[in-house]
Amino acid sequence: MEYANYIAHCIEIARRGEYYVAPNPMVGAVMVRNSDETIVAEGWHERYGEGHAEVNCFKHLDCSEYKDINLKECTLFVSLEPCSHYGKTPPCAKLIIEKGVGRVVVGMLDPNPLVSGRGVQMLREAGIEVTVGVLENECRQLNKRFLSLHEKHRPYVVLKWAQTSDGFIDRKREIDKPSADSGEHLNGALAISTPDTKKIVHRMRAENMAIMVGTRTVLLDNPRLLNTHWEGRNPVRVTLDRHHVLPSDSRIFSAEAPTLVYRDRTDWPYILSDLAQRNIHSILVEGGTTLLHHILETGLWDEAHIEVAPELVIGDGVHAPQIALPETFETVDGHRLYTLFNN
């Protein structure tokens, strides 16, 4: 039996819960009959607070043609160590033991200190054969945000900005300054992204539990920071207001999603620590140059996504953060999309 193939399948189905399980990890489970290596059931963690992957796998088995199968002669594959504690649901390790599964193959151990090897220990003490560490790197990549919270004790940080071909993220603007000619406001943001690249940004919003901009972005653009062009939940909105200048009717304070405002302490390490205490495992930063540059200087970030519009030149404006772009990139609507990892 090729264990890696089944763990790969666990990873594949685990992604079906990607936009709904945070702050829990994405997990997939597959039950295989040993005699002919047939998959008799599968399940994944579908939504936070509801059944884990193992629970859903057993549920699907009970509704299938294999409901009377002898589980002692089966192998349960799961991408992450079964939980061993009572949380919003009972321990999955206990359920596996009660069901009488003969063998369990685990992609990786759970870094959560409430589990961290205890699930595997429970299974082994019950006489179940357990193998750990199959496609571990792939399983870690699947849950890099969850791992950041429990291993680095901070959220996984994703930076995102779009820039012109000559290196500007916006024209120079003043807050609510009217035009001398027409009386119209000149604070409209420079349009760099395309409809399709905007969808990619909204996908990032769905992938991360929080989204952040700085004070000036709120004052200039009055953004809602919602996920309106992709499936999934709205992220928690985060901003700064050190000088208490944000109007109470700013759209970032709407009831559509929760908002966190940092006023007294606005240093990045503190914000990350506070977000971790709130069990927020990831944050997307869409701020301006000042905020992005500050975060880049701290080194406390994990990914940066930069969109470059090759045919857009403005000559002067707000400089984009200075960072070396990689040689490889994706192309969407003629725009180059770069991804950097801060290893």
Side-chain angles (χ1 to χ4, degrees), residues 10-11 14-15 17-28 44-45 48-49 52-53 78-81 83 85 87 106-119 132-133 135-161 201 203-213 225 227 232-238 258 260 262 265-287 291-292 294-306 323 339-343:
C10 289
I11 293 171
R15 292 191 183 280
E18 182 169 18
Y19 307 121
Y20 302 100
V21 302
N24 282 356
M26 294 174 275
V27 185
W44 59 93
H45 187 26
Y48 176 71
H52 290 182
V78 60
S79 54
L80 184 70
E81 177 184 10
C83 64
H85 66 290
V106 176
M108 64 168 288
L109 294 178
D110 192 331
N112 187 337
L114 294 174
V115 185
S116 194
R118 294 181 180 86
V132 178
L135 294 186
E136 183 171 357
N137 289 338
E138 290 83 351
C139 291
R140 289 183 62 84
Q141 179 64 22
L142 172 71
N143 283 306
K144 57 190 178 184
R145 292 167 174 82
F146 176 76
L147 294 176
S148 179
L149 184 62
H150 292 286
E151 294 180 347
K152 298 180 181 178
H153 309 293
R154 66 163 175 82
Y156 192 87
V157 178
V158 181
L159 310 179
K160 169 68 178 76
W161 71 86
V201 175
R203 184 190 69 198
M204 293 181 189
R205 292 182 180 184
E207 291 170 346
N208 296 284
M209 289 188 67
I211 181 172
M212 183 179 186
V213 295
L225 300 182
N227 171 30
R233 301 174 297 186
N234 288 319
V236 175
R237 298 170 295 190
V238 180
L260 292 173
Y262 291 91
R265 290 200 59 180
T266 58
D267 56 289
W268 187 234
Y270 170 78
I271 291 173
L272 289 179
S273 177
D274 185 70
L275 291 173
Q277 291 295 321
R278 298 172 187 271
N279 214 25
I280 292 175
H281 72 22
S282 54
I283 183 166
L284 172 67
V285 181
E286 290 189 35
L291 177 61
L292 290 166
H294 169 66
I295 293 173
L296 287 166
E297 276 195 329
T298 68
L300 296 174
W301 60 279
D302 299 284
E303 293 182 20
H305 295 265
I306 302 98
I323 190 168
T339 301
L340 292 84
F341 295 94
N342 187 26
N343 297 321

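Between Ile295 and Trp301, the closest heavy-atom pair is O-CD1, 3.8 Å. Taking every heavy atom of both residues into account, Arg145 and Glu207 meet most closely at NE-O, 3.3 Å. Closest non-hydrogen pair, Ala14 versus Met26, comes out as O-CB, 3.7 Å.
Without hydrogens or angle criteria, Asp110 side chain to Ser116 main chain gives no donor-acceptor distance under 3.5 Å. Between the side chain of Asp302 and the backbone N or O of Phe341 there is no donor-acceptor pair closer than 3.5 Å. Side chain of Ser282 to main chain of Tyr156: no donor-acceptor pair is present (N/O by atom type, distance under 3.5 Å, no hydrogens or angles). Using modelled atom types, one side-chain atom of Ser79 and one backbone atom of Gly28 make a donor-acceptor pair closer than 3.5 Å. Trp268 places a side-chain N or O within donor-acceptor distance of the main-chain N or O of Leu300, the cut-off being under 3.5 Å. For the pair Asp267 (side chain) and Tyr270 (backbone), a donor-acceptor distance under 3.5 Å is present.
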request  = Evaluate side-chain hydrogen bond (donor to acceptor under 3.5 Å, both in side chains) for His305 paired with Glu303, printing each intermediate quantity in order.
outcome  = CA-CA 7 Å; His305 295 265; Glu303 293 182 20; 2.7 Å; yes
task = Just do the side chain to side chain contact (heavy atoms under 4.5 Å, CB included) check on Val238 and Val285 with the steps written out, would you?
result = CA-CA 9 Å; Val238 180; Val285 181; over 6 Å; no
request  = Please assess Tyr262 against Asp274 for the test side-chain hydrogen bond (donor to acceptor under 3.5 Å, both in side chains), listing each intermediate value before the final yes or no.
outcome  = CA-CA 10 Å; Tyr262 291 91; Asp274 185 70; 2.6 Å; yes
Trace of the side chain to side chain contact (heavy atoms under 4.5 Å, CB included) decision for Leu142 with Arg15 = CA-CA 8 Å; Leu142 172 71; Arg15 292 191 183 280; 3.7 Å; yes
task = Just do the side chain to side chain contact (heavy atoms under 4.5 Å, CB included) check on Trp44 and Val27 with the steps written out, would you?
result = CA-CA 6 Å; Trp44 59 93; Val27 185; over 6 Å; no
request  = Just do the side chain to side chain contact (heavy atoms under 4.5 Å, CB included) check on Ile211 and Val236 with the steps written out, would you?
outcome  = CA-CA 6 Å; Ile211 181 172; Val236 175; over 6 Å; no
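A salt bridge does not link Glu81 to Arg118: none of the charged side-chain nitrogens sits closer than 4.0 Å to a carboxylate oxygen.
For the pair Ile11 and Gln141, the minimum side-chain heavy-atom distance is 4.5 Å or more. The closest side-chain heavy-atom distance from Pro23 to Met209 is below 4.5 Å. Contact check for Arg154 versus Val157: side-chain heavy atoms found under the 4.5 Å cut-off. Two residues are said to be in side-chain contact when any heavy atoms from C-beta on lie closer than 4.5 Å; Met108 and Asn137 fail this criterion.
Between the CD1 atom of Ile280 and the CD1 atom of Ile271 there is a distance of 11.5 Å, given to the nearest 0.5 Å. For the atom pair Gln277 CD and Leu272 CG, the distance stands at 12.0 Å (nearest 0.5 Å). Here Arg140 contributes atom CZ and Leu109 contributes atom CG; the two are 10.5 Å apart, rounded to the nearest 0.5 Å. To the nearest 0.5 Å, the span separating CD1 on Ile283 from CE on Met212 amounts to 6.0 Å. Taken to the nearest 0.5 Å, the CG atom of Leu80 stands 10.5 Å off from the NE2 atom of His45. How far CZ of Arg205 is from CG of Leu284: 7.5 Å, rounded to the nearest 0.5 Å.
No side-chain donor-acceptor contact under 3.5 Å links Arg233 and Asn227.
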